[in-house]
Undergrad: 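Okay, here's the structure, questions in a sec.
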Amino acid sequence: MTSPTDRPPARQRRTRATRARILDAALRELGRNPDSSLGDIAEAAGVARRTLYTHFAGRAALVRGLTEDAVRAIGHAMADVSALDAGPGPGRGAGSSSGPGPASGLGAGSGCCEGEGSGPGPASAPASDSDPASALARFVLTLWPVGDAYRTLIGLAPQDLGPDHLSELLAPARETVAGILAEGQRRGVFHTVVPPGPLSAAVEAHLLALLGTVNAGIWADDGSGAATSALIAVGVDSATATATVRRLHDPGRLPAARRHH
């Protein structure tokens with residue numbers, strides 16, 4: 001019997017494709033119903049149950065694979081945000097830095113807001129990529145394609161992950177948003193009615209609810225509506241929020257979502 005490393009390339013590709021199909025089906029089915037059985041997931045993936053068990057020994061292994069996939073996708077998305085913040089170009093914070101993994105996004109979250117000057121309020125927020133409104137909009141636009149992972153994993157938390165593991169998984173993104181919000185409040189771009197931590201939690205809940213409506217077929221969005229509504233929720237006036245997202249929502253400027261099975 002050959003080991004996985006000895007398999008011909010074509011067979012390796014088929015194996016990876018099958019695993020990816022199972023994980024994609026698990027994301028969909030568990031997102032709709034956290035109590036979906038392995039049989040339901042296998043049927044949705046178009047594979048036999050024995051094939052699913054070849055890749056995942058049971059539900060715990062499947063959820064672990066889904067979590068690892070989500071961590072990689074979220075980490076790469078945050079690294080993309082960090083790279084955009086640190087990259088050369090007008091309006092980008094020169095002091096920002098990017099790192100190799102998700103945690104590096106924490107620095108990007110606050111560093112991206114260190115641009116020159118600050119506007120007197122939401123209506124006159126700076127137009128450059130370095131202002132907090134742009135940082136928050138860019139974060140939502142970049143993370144939106146992998147947002148299903150957040151929503152599904154939160155739904156699984158009570159029975160499969162546990163609150164501590166979930167908090168550890170989502171901590172980098174949560175702290176990044178809290179950093180952006182704190183800077184925005186300091187500069188008068190966001191409202192100060194709620195402190196950054198609770199406001200970050202409220203924004204997260206808001207975005208997850210919007211993701212739920214997309215997955216339920218109630219609403220369709222490419223991330224621009226979600227980003228605009230997030231800005232409005234933190235105190236940016238609707239005209240500035242719309243203009244900020246429109247300026248940033250250019251496929252050539254934002255990296256495509258990447259899945260890593």
Side-chain angles (χ1 to χ4, degrees), residues 1-82 99-105 142-176 204 207-208 211-212 214-216 223 255-261:
M1 180 176 178
T2 59
S3 67
T5 56
D6 295 329
R7 289 173 181 166
R11 187 173 181 183
Q12 289 183 30
R13 287 194 296 271
R14 287 195 299 272
T15 298
R16 286 195 297 266
T18 300
R19 185 178 188 275
R21 194 161 69 248
I22 293 170
L23 287 173
D24 285 338
L27 193 64
R28 292 193 307 272
E29 295 304 306
L30 293 172
R32 282 195 287 264
N33 176 16
D35 295 323
S36 294
S37 68
L38 294 182
D40 294 333
I41 294 169
E43 181 178 357
V47 301
R49 286 192 62 170
R50 64 177 178 275
T51 301
L52 186 150
Y53 280 110
T54 299
H55 293 271
F56 304 100
R59 182 183 173 93
L62 178 62
V63 172
R64 189 163 53 250
L66 187 61
T67 302
E68 291 169 354
D69 187 46
V71 167
R72 283 191 293 271
I74 293 168
H76 280 288
M78 291 189 65
D80 286 336
V81 172
S82 180
S104 66
T142 307
L143 268 290
W144 184 257
V146 296
D148 278 348
Y150 280 98
R151 189 182 64 82
T152 299
L153 290 171
I154 286 176
L156 293 175
Q159 62 193 54
D160 292 292
L161 294 176
D164 292 339
H165 186 77
L166 182 68
S167 294
E168 181 181 351
L169 170 66
L170 300 182
R174 286 171 171 169
E175 293 182 34
T176 295
E204 178 184 305
L207 293 174
L208 287 170
L211 274 170
V214 170
N215 287 305
R258 294 181 287 179
R259 294 293 301 276
H260 296 265
H261 295 296

Undergrad: Report yes if the side chains of Trp144 and Leu211 come closer than 4.5 Å at any heavy-atom pair, otherwise no.
TA: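 A side-chain contact exists here, since the closest heavy-atom pair is under 4.5 Å.
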Undergrad: So do the side chains of Leu62 and His55 get within less than 4.5 Å of each other, counting heavy atoms only?
TA: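 Sidechains of His55 and Leu62: no contact.
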Undergrad: To the nearest 0.5 Å, what is the distance between CG on Leu23 and CG on Leu52?
TA: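 Rounded to the nearest 0.5 Å, the CG-CG separation comes to 9.0 Å.
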Undergrad: Do Ile41 and Leu30 make a side-chain contact, defined as non-hydrogen atoms from C-beta onward lying under 4.5 Å apart?
TA: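 Ile41 reaches Leu30 side chain to side chain.
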Undergrad: Hey, could you give me the CG/CZ distance between Leu66 and Arg59, rounded to the nearest 0.5 Å?
TA: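 Reported to 0.5 Å precision, the distance equals 10.0 Å.
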Undergrad: Of all heavy-atom pairs between Ile22 and Thr51, which one has the smallest distance, and what is that distance?
TA: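 Distance-wise, the nearest heavy atoms are CD1-O, 4.4 Å.
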Undergrad: So for atom CD, which belongs to Glu204, do other residues, nucleotides or ligands contribute more than 12 heavy atoms lying within a distance under 6.0 Å?
TA: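 Yes, enclosed.
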Undergrad: Please find the pair of heavy atoms, one from Gly65 and one from Arg19, that lie closest to each other, and give the distance.
TA: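 For Gly65 versus Arg19, the nearest heavy atoms are CA-NH2, 4.1 Å.
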Undergrad: Of all the heavy-atom pairs spanning Asp40 and Glu29, show the shortest one and how long it is.
TA: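 What the structure gives for the nearest pair is O-CG, 4.4 Å.
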Undergrad: Please round to the nearest 0.5 Å and tell me the distance separating atom OG of Ser36 and atom CD of Glu43.
TA: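 Reported value, rounded in 0.5 Å steps: 11.0 Å.
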Undergrad: Supply the atom-to-atom distance Asp69 CG to Asp24 CG, rounded to the nearest 0.5 angstrom.
TA: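 So the CG of Asp69 and the CG of Asp24 are separated by 7.5 Å.
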